[in-house]
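Some notes on the structure that comes next.
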Amino acid sequence: MNENRTNELLIRIEQKYPSMSKGQKRLAEYVTQNYDKAVFLTAAKMGEVVGVSESTVVRFATQLGYKGYPGFQKALEELVRNKLNSIQRMEVTYGRISQSEILETVLQSDIDKIKLTLAGIDQKAFELAIDTILNARRIYIVGIRSCAPLASFLGFYLNLVCDNVAIVNTNSSSEIFEQLIRINEEDVIIGISFPRYSMRTLKALEFASNRKAKVITLTDSIHSPMNLYSSCNLIARSDMASIVDSLVAPLSVINALVVALCMKKQTEVIDTLETLEEIWGEYQVYSSDELNHVKNETFEKREEKKGKLYE
């Protein structure tokens with residue numbers, strides 16, 4: 001990212017500063033000097049820190065040309081992402097709180113990400129994703145590194161709803177293309193990627209798009225490179241405030257996808273679950289008590305044999 005793009009927010013503040021109210025100028029000075037802390041504050045909290053009302057913070061964001069506070073906060077995140085490395089971001093977020101506050105702080109941060117995701121997600125894109133998945137001949141899912149568990153989770157539950165799901169193995173680029181070799185316009189690929197974005201996932205989406213397949217992305221921003229090849233973008237907040245990626249909001253979106261698909265295919269899902277219950281029962285998949293019973297029975301027989309030896 002070039003320097004002008006990096007400093008876009010600071011340039012806007014400088015240009016608008018003369019026409020700002022007294023309270024807005026205080027906000028401008030705070031943000032300019034403490035953007036590494038401001039990025040983690042809600043509008044209400046920033047107002048509390050600076051000594052102005054929450055509505056003043058929102059008007060400040062709007063005057064800078066952003067769509068409310070979420071747009072302003074996104075610009076702050078872009079600034080911080082390019083100014084601080086992951087260790088520094090962790091120190092900024094968690095370095096000033098006590099050990100006893102970590103649990104509450106991290107969970108509250110995840111709650112905020114879900115709220116921001118709910119406020120910004122495109123309902124029409126969500127509905128389009130549902131219809132696209134239901135009408136696909138085959139569903140491919142790709143996600144690597146920290147996104148691999150999300151891909152696996154989605155694949156596991158989609159497999160209960162649909163009979164045509166493939167989780168793409170991503171150990172190497174060549175393996176990805178080998179697995180996608182038969183993808184065509186009747187298929188859909190779901191690509192999951194968050195900063196730092198995966199080039200392998202991007203290449204998989206490009207390949208699928210070139211083969212005329214439908215492309216659904218689950219990523220963090222409309223500006224994500226994953227959306228270059230997508231006609232259906234699901235946006236979930238996953239700001240990296242530390243070395244650990246927060247994937248709670250993306251997982252919630254995945255849960256919503258699965259539930260919506262289950263509601264669309266209730267009869268098939270019920271039949272699948274009933275069949276699975278029969279299989280689990282027949283093969284004692286969850287019958288740990290039965291396993292204990294076998295162990296106890298074996299122990300009793302051994303004791304009985306020992307008794308006969310001493311008779």
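- Taking a 6.0 Å sphere around CD of Glu185, one finds it holds more than 12 heavy atoms contributed by other residues, nucleotides or ligands.
- In plain terms, the two heavy atoms of Cys147 and Ile192 that are nearest each other are CB-O, 3.7 Å.
- The cationic atom of Arg12 (NZ for Lys, CZ for Arg) lies less than 6.0 Å from the six-membered ring centre of Tyr66 and within 45° of the ring axis.
- Hydrophobic clustering, with ILVMFWY side chains joined whenever heavy atoms are under 4.5 angstrom apart, groups Ile176 together with Leu202.
- Taking hydrophobic clusters as Ile, Leu, Val, Met, Phe, Trp and Tyr residues chained together by side-chain heavy-atom distances below 4.5 Å, Leu160 does not share a cluster with Ile167.
- The backbone N or O of Met226 sits less than 3.5 Å from a side-chain atom of Ser224, completing a donor-acceptor pair.
- For Gln179 (side chain) and Asn169 (main-chain N/O), a donor-acceptor pair under 3.5 Å exists by modelled atom type.
- Atom CD1 of Ile130 sits about 11.0 Å away from atom CG of Asn135, to the nearest 0.5 Å.
- Taken to the nearest 0.5 Å, the CD1 atom of Ile190 stands 5.5 Å off from the CG atom of Leu158.
- Between the side chains of Ser238 and Asp220, no donor-acceptor pair of N or O atoms lies under 3.5 Å.
- Ser146 places a side-chain heavy atom less than 4.5 Å from the side chain of Leu247.
- Interatomic distance, CD1 of Ile139 versus CD1 of Ile183, reported as 11.0 Å (0.5 Å rounding).
- Atom CD of Glu268 has more than 12 neighbouring heavy atoms from other residues, nucleotides or ligands inside a 6.0 Å radius.
- Without hydrogens or angle criteria, Gln24 side chain to Ser21 main chain gives a donor-acceptor distance under 3.5 Å.
- Atom CD of residue Glu14 and atom CG of residue Leu9 lie 11.5 Å apart, to the nearest 0.5 angstrom.
- Linking Ile, Leu, Val, Met, Phe, Trp and Tyr whenever their side-chain heavy atoms come within less than 4.5 Å puts Tyr17 and Val31 in one cluster.
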Chi angles and distances behind the side chain to side chain contact (heavy atoms under 4.5 Å, CB included) call for Thr62, Phe72 = CA-CA 8 Å; Thr62 304; Phe72 166 73; over 6 Å; no
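- Each of Val168, Ile216, Val165, Val188 was scored for a side chain to side chain contact (heavy atoms under 4.5 Å, CB included) with Ile141, with one residue passing: Val165.
- Ion pairing between Asp187 and Arg137 holds under the 4.0 Å rule for side-chain N and carboxylate O.
- No continuous path of hydrophobic side-chain contacts links Tyr157 to Val248 [ILVMFWY only; heavy atoms under 4.5 Å].
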Verify side chain to side chain contact (heavy atoms under 4.5 Å, CB included) between Thr217 and Asn227, making sure each step is shown before the conclusion.
-> CA-CA 7 Å; Thr217 55; Asn227 295 336; 2.7 Å; yes
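- Using a cut-off of 4.0 Å between Lys/Arg side-chain N and Asp/Glu carboxylate O, Glu29 and Arg26 are scored as not salt-bridged.
- For Thr32 (side chain) and Ala28 (main-chain N/O), a donor-acceptor pair under 3.5 Å exists by modelled atom type.
- In this structure the side chain of Arg211 reaches within 4.5 angstrom of the side chain of Ile181, judged on heavy atoms.
- Side-chain contact check for Ile111 versus Ile114: every heavy-atom pair is 4.5 Å or farther apart.
- Residues Thr219 and Ser193 come closest through the heavy atom pair OG1-O, 2.8 Å.
- Looking only at side-chain heavy atoms (C-beta outward), Ile189 and Lys214 stay at 4.5 Å or farther from each other.
- With hydrogens and angles ignored, the 3.5 Å screen pairs no side-chain donor or acceptor of Asn233 with any backbone N or O of Asp122.
- Contact detail for Met46 and Val57: the closest heavy-atom pair is SD-CG1, 4.2 Å.
- We find the NZ-CG distance between Lys115 and Asp110 to be 12.5 Å, quoted to the nearest 0.5 Å.
- Looking only at distances, no side-chain donor or acceptor of Ser152 sits under 3.5 Å from a matching main-chain atom of Ala148.
- Residues Tyr69 and Phe60 are not in side-chain contact: their nearest non-hydrogen atoms beyond the backbone lie 4.5 Å or more apart.
- Atom CG in Leu251 sits 5.0 Å away from atom CG in Asn255 (nearest 0.5 Å).
- Clustering ILVMFWY residues whenever any of their side-chain heavy atoms sit less than 4.5 angstrom apart, transitively, puts Ile254 in the very cluster that holds Leu134.
- Arg138 approaches Ala166 most closely through the heavy-atom pair NH2-CB, 3.6 Å.
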ring-ring contact (aromatic ring centres under 6.0 Å, His included) evaluation trace for Tyr229 with Phe207 | CA-CA 9 Å; Tyr229 306 103; Phe207 179 81; over 10 Å; no
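- Within 6.0 Å of NZ in Lys265 there are more than 12 heavy atoms belonging to other residues, nucleotides or ligands.
- Between Leu41 and Gln73, the closest heavy-atom pair is O-NE2, 3.1 Å.
- Taking the six-membered ring for Trp and the full ring otherwise, Phe153 and Phe156 have centroids separated by 6.0 Å or more.
- Ser209 contributes no side-chain N or O that, together with a main-chain N or O of Leu205, makes up a donor-acceptor pair within less than 3.5 Å.
- For Leu218 against Phe194, the heavy-atom pair with the smallest separation is O-CE1, 3.6 Å.
- Using a 4.0 Å cut-off between charged nitrogen and carboxylate oxygen, Lys124 and Glu127 do not count as a salt-bridge pair.
- Panel note: side chain Ser230, backbone Val215; a donor-acceptor pair is recorded below 3.5 Å.
- A side-chain N or O of Ser53 and one of Ser55 form a donor-acceptor pair less than 3.5 Å apart.
- Dense packing is recorded around NZ of Lys25, with more than 12 heavy atoms of other residues, nucleotides or ligands lying under 6.0 Å away.
- No side-chain donor-acceptor contact under 3.5 Å links Tyr140 and Asn164.
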Where do Ser19 and Gln63 land on the side-chain hydrogen bond (donor to acceptor under 3.5 Å, both in side chains) test, with the steps shown first?
-> CA-CA 10 Å; Ser19 61; Gln63 185 170 344; 3.3 Å; yes
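- Under a 3.5 Å cut-off, the side chain of Arg237 and the backbone N or O of Leu118 do not form any donor-acceptor pair.
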Show your working on side chain to side chain contact (heavy atoms under 4.5 Å, CB included) between Thr117 and Ile235 and close with a plain yes or no.
-> CA-CA 7 Å; Thr117 297; Ile235 307 300; over 6 Å; no
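- No side-chain donor-acceptor contact under 3.5 Å links Asn159 to the backbone of Gly155.
- Ser109 and Lys113 share a side-chain donor-acceptor pair at under 3.5 Å.
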Would you check, one step at a time, whether the test side chain to side chain contact (heavy atoms under 4.5 Å, CB included) holds for Arg59 with Leu64?
-> CA-CA 9 Å; Arg59 285 195 297 272; Leu64 290 175; over 6 Å; no
